[in-house]
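Below: one structure, written as structure tokens.
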Amino acid sequence: MNAFVLEPGARLPRSFFAQPTLTVARLLPGKLLVRLGAGGSRQAGVIVETEAYIGESDLACHARSGRTRRTAVMYGAPGTAYVYFTYGMHWMLNIVTEHSGFPAAVLLRALHLYDSPAAQPQPATNGPAKLTRALQLDGTWNTHDMCAPDAQLFVEQPQQAAPPRIVCKPRVGLGKTPQPWLGLPWNFCLGAHTGS
DNA sequence: AGGACGATTAACT
DNA sequence: GTTAATCGTCCTG
């Protein structure tokens, strides 16, 4: 809502993403997703909704089938972007969590996006595919190291961050995923009030 | 080699 | 509430 959300803040270090996936998913709403483009352009938006996908035992997680060409990135370093293609037309952005060798990630499902430098609110990107579309992210971003010093896509701590109110609920769109995974409250959303 | 299905979305009835 | 769009991935054979 204010221009301050655009001010560059501290980038989240790899140690942040190395935490337990539920912790990362719970802490990400309210943080800033930043996408640098050609010519020094900067798109930034407040992360609004996340979802956790944790390990081979989580039957909703792509890693349920073990390590494959597609899921190999989930076994990589925390802070790595996992971008995959689905439904023949949509790209999804995840950030890999926990230690290398353990497949887990947080899906970014919604963003409050702002134009730079005017800070004009964009149409709400209230869906994981809309989010990647708005930031022009596709498979070429898969395996992007979001914690590298020269990263073009990364997460920042906002400068004036009030403790956000988080609401959790079951994950969305899991289809025929069996219980208990279908009902686990691993979706995390900003509440009606973001603090202040 | 073939088929079912998907961490979705927009456009319908 | 229902359905088409559209293709990579995974499972079966």
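These figures come from a predicted structure and were not determined experimentally. We name chains A, B, ... by the order of the sequence lines, and we start the count at 1 in each one.
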Picking from [options], which would you name as closest to the side chain of [X]?
{"X": "A:Ala129", "options": "C:dC10, B:dA7, B:dT9", "answer": "B:dT9"}
{"X": "A:Met89", "options": "B:dC5, B:dA7, C:dA5", "answer": "C:dA5"}
{"X": "A:Phe85", "options": "C:dC10, B:dT9, C:dC7", "answer": "C:dC7"}
{"X": "A:Pro128", "options": "B:dT9, B:dC5, C:dC10", "answer": "B:dT9"}

Whole angstrom is fine here: how far is it from [atom1] in [X] over to [atom2] in [N]?
{"X": "A:Tyr87", "N": "C:dT9", "atom1": "OH", "atom2": "P", "result": "16 Å"}
{"X": "A:Arg133", "N": "B:dA10", "atom1": "CZ", "atom2": "P", "result": "8 Å"}
{"X": "A:Lys130", "N": "B:dA10", "atom1": "NZ", "atom2": "P", "result": "4 Å"}
{"X": "A:Trp91", "N": "C:dA5", "atom1": "CH2", "atom2": "P", "result": "21 Å"}
{"X": "A:Tyr84", "N": "C:dC7", "atom1": "OH", "atom2": "P", "result": "17 Å"}

Which part of the nucleic acid, if any, lies within contact of A:Thr68, taking any heavy atom under 4.0 Å across all strands shown: a base, the sugar-phosphate backbone alone, or nothing?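 It contacts sugar-phosphate atoms only.
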Just to be sure I understand the rule, does A:Gly175 reach a base, reach only the sugar-phosphate, or reach nothing, if contact means heavy atoms closer than 4.0 Å?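 Counting heavy atoms under 4.0 Å across all strands, no contact is made by A:Gly175.
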I'd like to know if the side chain of A:Arg171 reaches the main chain of A:Leu184, judged simply by a donor and an acceptor atom lying under 3.5 Å from each other, with no hydrogens or angles considered.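 Judged by distance alone, no pair lies under 3.5 Å.
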Using Watson-Crick or G-U wobble geometry with both distances below 3.5 Å, tell me the partner of B:dA7, or none. none
Distance between the P atoms of B:dG2 and C:dT6, in whole angstroms?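 One P to the other, the span is 22 Å.
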